[in-house]
Amino acid sequence: MIDLKLLQKDFETMSSKLIRKGVDLELIEKLREKSQELKKAKASFETLQALQNSMSKEFGTYKREGKDISELKRRVDANKVVISEALEIQRNADLELETIAMSIPNIPDDDVAHGADESDNEELKKVLTPREFSFTPKEHWELAEQNGWIDFERGVKLATSRFSVSFGMGARLERALINFMLDFNRSRGFAEVSVPALVNRTALEGTGQLPKFEDDLYKMQDLDLFLIPTAEVPLTNLFQDEILASEELPVKMTAYTSCFRKEAGAAGRDTRGMIRQHQFHKVELVTISHPDKSDEIFSEMVECASDILTALELPHRLVSLCTGDLGFSAAKTIDLEVWLPGQNTYREISSVSNTREFQARRAKIRFKDGKKNSMVHTLNGSALAVGRTLVAIMENNQQEDGSITIPEVLKPYLGM
RNA sequence: GGACAGUUGGGAGAGUGGCCGAAUCCGCUACCUUGGAAAGGUAGUGUAGGGUAACUUACCGAGGGUUCGAAUCCCUCACUGUCCA
């Protein structure tokens with residue numbers, strides 16, 4: 001959630017930043033209006049309530065002293081009617097404000113380039129040079145089928161489209177990748193955590209998936225529980241409504257989970273292969289950080305993800321997202337895109353974001369900042385998406401006969 | 001699925017209608033004491049909002065209700081524990 005106090009204090013700056021993100025000026029003005037309205041409603045309710053409280057106290061004294069209370073009772077009863085009206089007004093204002101505020105995205109950092117969509121993203125650097133092929137490289141689904149690693153038809157049989165099944169070395173490689181990534185992240189100071197795959201509404205509101213993106217989530221039929229779209233949700237919300245000691249910061253965590261996404265609106269995109277699945281494996285990084293340290297940690301997280309790709313000998317590039325491509329909660333995002341020779345293009349394999357106070361304010365994650373309590377910064381990033389990493393290994397390491405060489409760093413994980 | 005018990009501040013734990021935002025203990029912070037420390041003493045110590053301030057509003061699992069007034073009484077729900085199937 002954006003800082004409503006700041007919006008009041010400096011409407012011009014705040015609104016221009018939100019407009020950069022593509023938020024309607026009208027909506028922002030409405031937000032300001034509502035928040036002023038709420039403030040007024042609160043003030044008048046509280047004045048009335050204070051009066052009621054003091055009269056009620058008097059009431060007690062009167063009774064103890066045996067005085068006549070009928071006049072006092074009349075006044076108190078009259079005030080009660082007015083109070084309930086004021087309370088009603090306040091509640092409505094509160095609700096309306098919340099509805100708007102919760103659906104407004106984070107403001108981008110000033111150094112994030114302005115742009116409409118991914119075509120305006122800026123490439124920061126390339127790491128490793130793609131290999132030269134003496135033959136036409138195949139796409140991963142062809143290799144997957146040829147090697148018997150992944151079965152797309154049987155995934156559909158078991159569930160529906162965009163599900164797949166891994167077999168043999170394909171399945172073992174997935175497991176090896178998960179272990180390798182977790183160990184790697186741990187070596188960079190991220191503590192391993194194992195979290196639930198189902199979370200409640202509050203958690204998803206905390207990280208920003210709700211209320212706006214309910215259509216992308218799998219919801220349990222009779223319960224207010226959802227399958228996680230990313231481990232970012234449970235990891236970040238571990239500290240929901242908590243006040244951390246400043247010595248505890250930063251809290252650096254990594255977790256492996258399955259992720260579940262309906263991919264609503266992705267119809268027709270990446271329908272082949274395992275680039276866009278409804279269920280996929282991912283190893284995630286989340287940091288709860290001191291505000292002063294979040295830029296530094298952001299770089300560490302990007303570096304961590306990039307170094308995993310380098311260790312796996314996968315060519316990739318770093319891309320800074322423009323305002324139009326930035327996610328709902330992010331103030332700044334760097335995507336890592338891995339080279340896929342079969343597709344002859346770079347594809348996203350990791351996305352590292354600094355949400356600054358946005359999620360902290362929603363999830364009420366604070367820390368003791370000397371005497372007072374302040375919002376932490378929260379950061380998240382994939383390190384990495386496992387399925388896509390497997391895809392990248394297949395396409396980059398394919399031989400002319402369709403066989404695939406195993407990256408050296410994974411061999412110990414495969415007993416090789 | 002059923003029965004009973006519980007959910008209070010950083011922790012333990014009291015509080016059955018007004019003097020309770022909440023006793024007491026522990027912890028924590030500051031000061032005093034000391035050559036230094038321990039012990040002891042004194043003061044302070046929840047969160048969020050409004051106000052220059054005095055001060056004020058809300059919060060005792062969540063939501064509703066009764067009442068002039070609710071941590072306390074009533075209802076619903078969630079969670080925890082114990083027992084039963």
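Sequence lines set the chain letters: A, B, ... in the order given, protein chains first and strands last, and positions in each chain run from 1.
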Exercise for the section: Sort out for me which residue in T236(A), N185(A), V286(A), V195(A) forms a side-chain contact (heavy atoms from CB on, under 4.5 Å) with M253(A). Expected result: V286(A)
Handout entry: For S382(A), the option from E348(A), R388(A), E284(A) that meets side-chain contact (heavy atoms from CB on, under 4.5 Å)
Key = E284(A)
How many Å lie between [atom1] on [X] and [atom2] on [N], as a whole number?
X: L87(A); N: rU57(B); atom1: CG; atom2: C1'; answer: 12 Å
X: E247(A); N: rG10(B); atom1: CD; atom2: P; answer: 16 Å
X: D241(A); N: rC59(B); atom1: CG; atom2: P; answer: 16 Å
X: L48(A); N: rA58(B); atom1: CG; atom2: C1'; answer: 15 Å
X: L51(A); N: rC55(B); atom1: CG; atom2: C1'; answer: 16 Å
X: F45(A); N: rU56(B); atom1: CZ; atom2: P; answer: 16 Å

Handout entry: Secondary-structure notation, RNA chain B, from Watson-Crick and G-U pairs under 3.5 angstrom (| other strand)
Key = ((((((((.[[[..)..(.....]]]((((((.......))))))(((((....))))).[[[[[..)....]]]]]))))))).
Quick check on [X]: does its [atom1] atom have over 12 non-hydrogen neighbours (other residues, nucleotides or ligands) under 6.0 Å away?
X: R201(A); atom1: CZ; value: yes
X: Q8(A); atom1: CD; value: yes
X: K219(A); atom1: NZ; value: yes
X: K57(A); atom1: NZ; value: no
X: R154(A); atom1: CZ; value: no
X: E248(A); atom1: CD; value: yes

Euclidean distance for [atom1], [N] against [M] (whole angstrom):
N: rC28(B); M: rG11(B); atom1: C1'; answer: 11 Å
N: rC26(B); M: rG13(B); atom1: P; answer: 15 Å
N: rU72(B); M: rA14(B); atom1: C1'; answer: 13 Å
N: rG10(B); M: rC60(B); atom1: P; answer: 14 Å
N: rU16(B); M: rU8(B); atom1: C1'; answer: 14 Å
N: rG64(B); M: rG51(B); atom1: C1'; answer: 32 Å
N: rU42(B); M: rG18(B); atom1: P; answer: 30 Å
N: rA23(B); M: rC74(B); atom1: P; answer: 25 Å

Can you pull every protein N or O that's under 3.5 Å from an N or O on nucleotides 65-68 of chain B?
{"from": "rC68(B)", "atom 1": "OP1", "to": "K73(A)", "atom 2": "NZ", "distance (Å)": "2.5"}
{"from": "rC68(B)", "atom 1": "O2'", "to": "Q52(A)", "atom 2": "NE2", "distance (Å)": "3.4"}
{"from": "rC68(B)", "atom 1": "O2'", "to": "S56(A)", "atom 2": "OG", "distance (Å)": "3.0"}

Practice task
Hey, could you give me each pair passing ring-ring contact (aromatic ring centres under 6.0 Å, His included) that has a residue in residues 288-311 of chain A? Not counting sequence neighbours.
Solution key: H290(A)-F367(A)
Protein-nucleotides 71-81 of chain B N/O pairs under 3.5 Å:
none

Exercise for the section: Give a yes/no answer on whether the side chain of N53(A) brings an N or O atom under 4.0 Å of OP1 or OP2 in rG69(B). Expected result: no
Exercise for the section: Could you name each residue pair satisfying salt bridge (charged side-chain N to carboxylate O under 4.0 Å, His left out) that touches residues 293-302 of chain A, not counting sequence neighbours? Expected result: K252(A)-E300(A), D295(A)-R356(A)
Practice task
Please check if the distance between the ring centroids of F328(A) and F358(A) is under 6.0 Å.
Solution key: yes
When you compare the protein's N or O atoms with those of nucleotides 45-51 of chain B, which come within less than 3.5 Å of each other, and at what distance?
{"from": "rU47(B)", "atom 1": "OP1", "to": "K368(A)", "atom 2": "NZ", "distance (Å)": "2.8"}
{"from": "rU47(B)", "atom 1": "OP1", "to": "N373(A)", "atom 2": "ND2", "distance (Å)": "3.1"}
{"from": "rU47(B)", "atom 1": "O3'", "to": "R366(A)", "atom 2": "NH1", "distance (Å)": "3.0"}
{"from": "rA48(B)", "atom 1": "OP1", "to": "R366(A)", "atom 2": "NH1", "distance (Å)": "3.2"}
{"from": "rG49(B)", "atom 1": "N2", "to": "E46(A)", "atom 2": "OE1", "distance (Å)": "2.8"}

Problem - Straight-line distance of S166(A) OG to E174(A) CD, nearest 0.5 Å - result: 3.5 Å
